[in-house]
Amino acid sequence: MSLTDAAANAVNRFVGRLCRRAAGWFLVVIFVLAAIYQATTAISLALELEFGVVKAHLIIAAFYAVATAVIVGVLFATSKSSPKARAVKAADGNPEFQLATIVEAMLLGFSLSRRK
């Protein structure tokens, strides 16, 4: 097994895991959106009986606007560190990232030594 085979295996394993996780999260998002749609429809029907069609839709729109504002505020409040500091912090605890960095350095050294 050559060095490039080891690097390719590490990359393939990482990409495979990433694809599986992305597919899983995609399904989660689809199901959450379906649940939100169904809940909004049910709430809309209930509010229409109490307040009328237009006011029911305005109440639901106001709820989503407030929820969005709260989430954006929390995201801004909790992002105090710079993106570069977060990347370094994430890389410290990730052994695959460390292995990829070592392999990249070895391949770079190997390619530079072959240029004579």
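Because the structure is a prediction, the values reported are computed rather than measured.
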message: Hydrophobic clustering (ILVMFWY, side-chain heavy atoms < 4.5 Å, transitive) - are V11 and I102 grouped together?
response: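 No.
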field: Joint cluster assignment, F63 & F51, ILVMFWY side-chain distance < 4.5 Å
entry: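 Both belong to a single hydrophobic cluster.
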task: Identify the two heavy atoms, one from A56 and one from S44, that lie closest to each other, and give their separation to 0.1 Å.
output: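 What the structure gives for the nearest pair is CB-O, 4.1 Å.
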query: Got a sec, which residues hit side chain to side chain contact (heavy atoms under 4.5 Å, CB included) with V32, two or more places apart in sequence or on another chain?
result: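 Expected list: V28, I36.
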task: To the nearest 0.5 angstrom, please state how far the CD1 atom of I59 sits from the CD atom of E48.
output: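 Nearest 0.5 Å value for the CD1-CD distance: 10.5 Å.
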message: Enumerate the side-chain hydrogen bond (donor to acceptor under 3.5 Å, both in side chains) contacts for residues 57-66, please, sequence neighbours excluded, ordered by first and then second residue.
response: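 Of all non-adjacent pairs touching residues 57-66, those that pass side-chain hydrogen bond (donor to acceptor under 3.5 Å, both in side chains) are T40-Y64.
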- request: With sequence neighbours excluded, give me every side-chain hydrogen bond (donor to acceptor under 3.5 Å, both in side chains) pair touching residues 13-27.
  value: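 Matches after skipping sequence neighbours: R17-E96.
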message: Tell me whether the count of non-hydrogen atoms from other residues, nucleotides or ligands lying under 6.0 Å of CD in E104 goes above 12.
response: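 No, the 6.0 Å shell around CD holds no more than 12 heavy atoms from other groups.
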